[in-house]
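Counting convention: from 1, in listed order, for ligands and their atoms alike. FYI, side chains are in, hydrogens and waters are out, and symmetry mates aren't considered; it's all heavy atoms of this structure.
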Amino acid sequence: MRILTGLQPSGKLHVGNYFGAMEPAVRLQDEGEAFYFIADYHAMTSSQDPVALRENVRELAVDFLACGLDPARAVFFRQSAVPAVNELAWLLSTVCPMSLLAKCHSYKDKTAQGIAANHALFAYPVLMAADILLYDSNKVPVGKDQKQHLEVTRDLAMKFNDVYGAGTVVIPDPIIREDTAVVVGLDGRKMSKSYGNTLPIFGEEKPLKKLIMKITTDSTPVEAAKPTDGSTILALYKLFASPSDFAAMVKAHEQGGVGYGDFKKQLADAYWDFFAPMRVRRAEILADPAFIDRVLAEGAMRAREEASKVLERVRRAVGLL
Ligand code: AMP
Ligand code: TRP
């Protein structure tokens, strides 16, 4: 079974990305042949900045490896290292109705946010379909926000097989992570870069712990019992603390006598400890810059090998060979 997913290099990873995307991807490495890539072509649909692109790709590679991606088990590569994906995107676009793309909410959301309505942004789901079909992927783990793109992928794959013959491309199944709860941000809304309420995974201890001290709370006095429902501190603490520590903090809320400042300090310590092994791994990776290059070069080679097999089959089916 082949499992494939892509992550956009869009700046510093936050705790929401970790629990919503990285941690599930790392777990799935054991369940099949994992192909994980950095979606650099996709990142260019919303920002055209060469310096930032280079930096963000590098940072995502380092962070993903630090979080447990194992290059001995997973094929890890940059999307653009396999330019053949553009050829498959072109072939898929010949069977893609305009109306299929016009209804995609991600395009509508992004243009509503002020991102330029360029052709690449509109065609984004076709390139994503090509990412998936180029590697005969069976399972594609994604967040809920990508559900519609997976539907487009399946539509295009079935249409392609209708036109060019059954088995020309493999129809993939999404694994939608419905179960991963939305991670709340420091202000109690969904943690998201666009809300400016994120808690990064990596960074300096003092400023990161300071962010936690800024979490919005109500003004219940120290002595009084504190609400547990809808508590941002508890929601985040649950991610990092052991079940018994979490239960103890819930109890302390109910009993009163402990102030929010103390709860935040406990949260900050649990958060810092949770990511300690990843920080150690990250420092090791950063100390050996050639390691990243080696991993990505090796991944690119294995990805290209697989892609060329699939593309040859597709080229034959459509009459290019
Ligand atoms: P983004 O960079 O916001 O597109 O996020 C990349 C992926 O991280 C998404 O597809 C989600 O799976 C995951 N993610 C981002 N923010 C959160 C959050 N607050 N809670 C859970 N998962 C998240
Ligand atoms: N669009 C995805 C996102 O923003 C990233 C992505 C690109 C992807 N190509 C993919 C995910 C193929 C899964 C499969 O999160």
Side-chain angles (χ1 to χ4, degrees), residues 2-28 34-47 56-57 59-60 63-64 67 77-80 82 85-86 88-89 92 104-107 109-110 113 115 120-121 123-154 156-157 170 172-201 232 235-236 238-239 303 307:
R2 180 156 302 156
I3 304 160
L4 172 136
T5 199
L7 280 159
Q8 277 204 52
S10 49
K12 288 210 178 321
L13 281 177
H14 56 71
V15 169
N17 299 136
Y18 178 79
F19 289 101
M22 320 284 271
E23 194 264 342
V26 166
R27 247 186 302 120
L28 277 172
F35 274 55
Y36 293 154
F37 67 93
I38 301 173
D40 48 5
Y41 283 142
H42 274 114
M44 297 179 69
T45 59
S46 47
S47 156
N56 288 343
V57 166
E59 189 154 283
L60 179 56
D63 290 355
F64 210 160
C67 286
F77 60 104
R78 287 177 78 144
Q79 181 183 29
S80 62
V82 191
V85 75
N86 292 296
L88 184 57
L92 292 171
C104 284
H105 48 65
S106 145
Y107 175 77
D109 292 350
K110 284 180 181 162
Q113 277 170 36
I115 295 174
L121 192 63
Y124 182 116
V126 182
L127 180 61
M128 183 157 160
D131 288 328
I132 295 168
L133 303 180
L134 187 60
Y135 303 101
D136 280 349
S137 313
N138 304 111
K139 301 274 176 200
V140 184
V142 285
K144 277 181 225 163
D145 56 324
Q146 298 297 315
K147 193 172 180 168
Q148 193 181 31
H149 289 157
L150 263 295
E151 284 159 13
V152 170
T153 301
R154 283 172 58 87
L156 290 179
V170 172
D173 286 312
I175 305 180
I176 310 280
R177 294 182 295 257
E178 307 276 5
D179 56 325
T180 38
V182 167
V183 174
V184 294
L186 301 170
D187 61 357
R189 293 186 289 171
K190 176 188 172 181
M191 188 178 289
S192 167
K193 244 176 60 173
S194 45
Y195 293 149
N197 64 358
T198 62
L199 180 59
I201 305 181
T232 303
L236 287 171
K238 190 167 191 180
L239 299 170

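Annotation for I201 and V15: closest pair CG1-N, 4.1 Å, computed over non-hydrogen atoms. Among all heavy-atom pairs drawn from M191 and V184, the shortest one is CE-O, 3.4 Å. The two atoms that bring S192 and N197 nearest to each other are N-OD1, 2.9 Å, heavy atoms only.
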### Task
Please step through side chain to side chain contact (heavy atoms under 4.5 Å, CB included) for the pair Q79 and L127, ending with a clear verdict.
CA-CA 10 Å; Q79 181 183 29; L127 180 61; 3.7 Å; yes

### Query
Under the side chain to side chain contact (heavy atoms under 4.5 Å, CB included) criterion, do I175 and V140 qualify, and how do the steps go?
CA-CA 6 Å; I175 305 180; V140 184; over 6 Å; no

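Atoms of ligand 1 found under 4.0 Å from any heavy atom of G143 (numbered from 1 in listed order, with element): 12 (O). Heavy-atom proximity to V182, at under 4.0 Å, picks out these atoms of ligand 1: 20 (N).
Under a 4.0 Å N-O distance rule, the pair R27/E23 qualifies as a salt bridge. Under a 4.0 Å N-O distance rule, the pair D63/K12 does not qualify as a salt bridge.
Protein residues lining ligand 2, listed by chain and number: L4, T5, G6, Q8, F37, A39, H42, Y124, M128, D131, I132, V140, V142, Q146 [non-hydrogen atoms, distance under 4.0 Å].
Side chains of D131 and Y41: a donor-acceptor N/O pair is absent below 3.5 angstrom, by distance only.
The protein heavy atom nearest to atom 6 (C) of ligand 1 is N17 ND2, 3.5 Å. Atom 12 (O) of ligand 1 has as its closest protein heavy atom R177 NH2, 3.0 Å. The single protein non-hydrogen atom nearest to atom 23 (C) of ligand 1 is G16 O, 3.2 Å, given as residue, atom name and distance.
Residue K190 places a heavy atom under 4.0 Å from ligand 1. In this structure, H14 counts as a contact residue of ligand 1, since one of its heavy atoms falls inside 4.0 Å of the ligand.
Here the side chains of Y107 and Y124 are not in contact, with every heavy-atom distance at 4.5 Å or above.
Around atom 20 (N) of ligand 1, the closest heavy atom drawn from D145, V184, V183 belongs to V183.
With ring centers used as reference points, Y135 lies under 6.0 Å from F77.
By the 3.5 Å distance cut-off applied to N or O atoms, M191 is counted among the residues near ligand 1.
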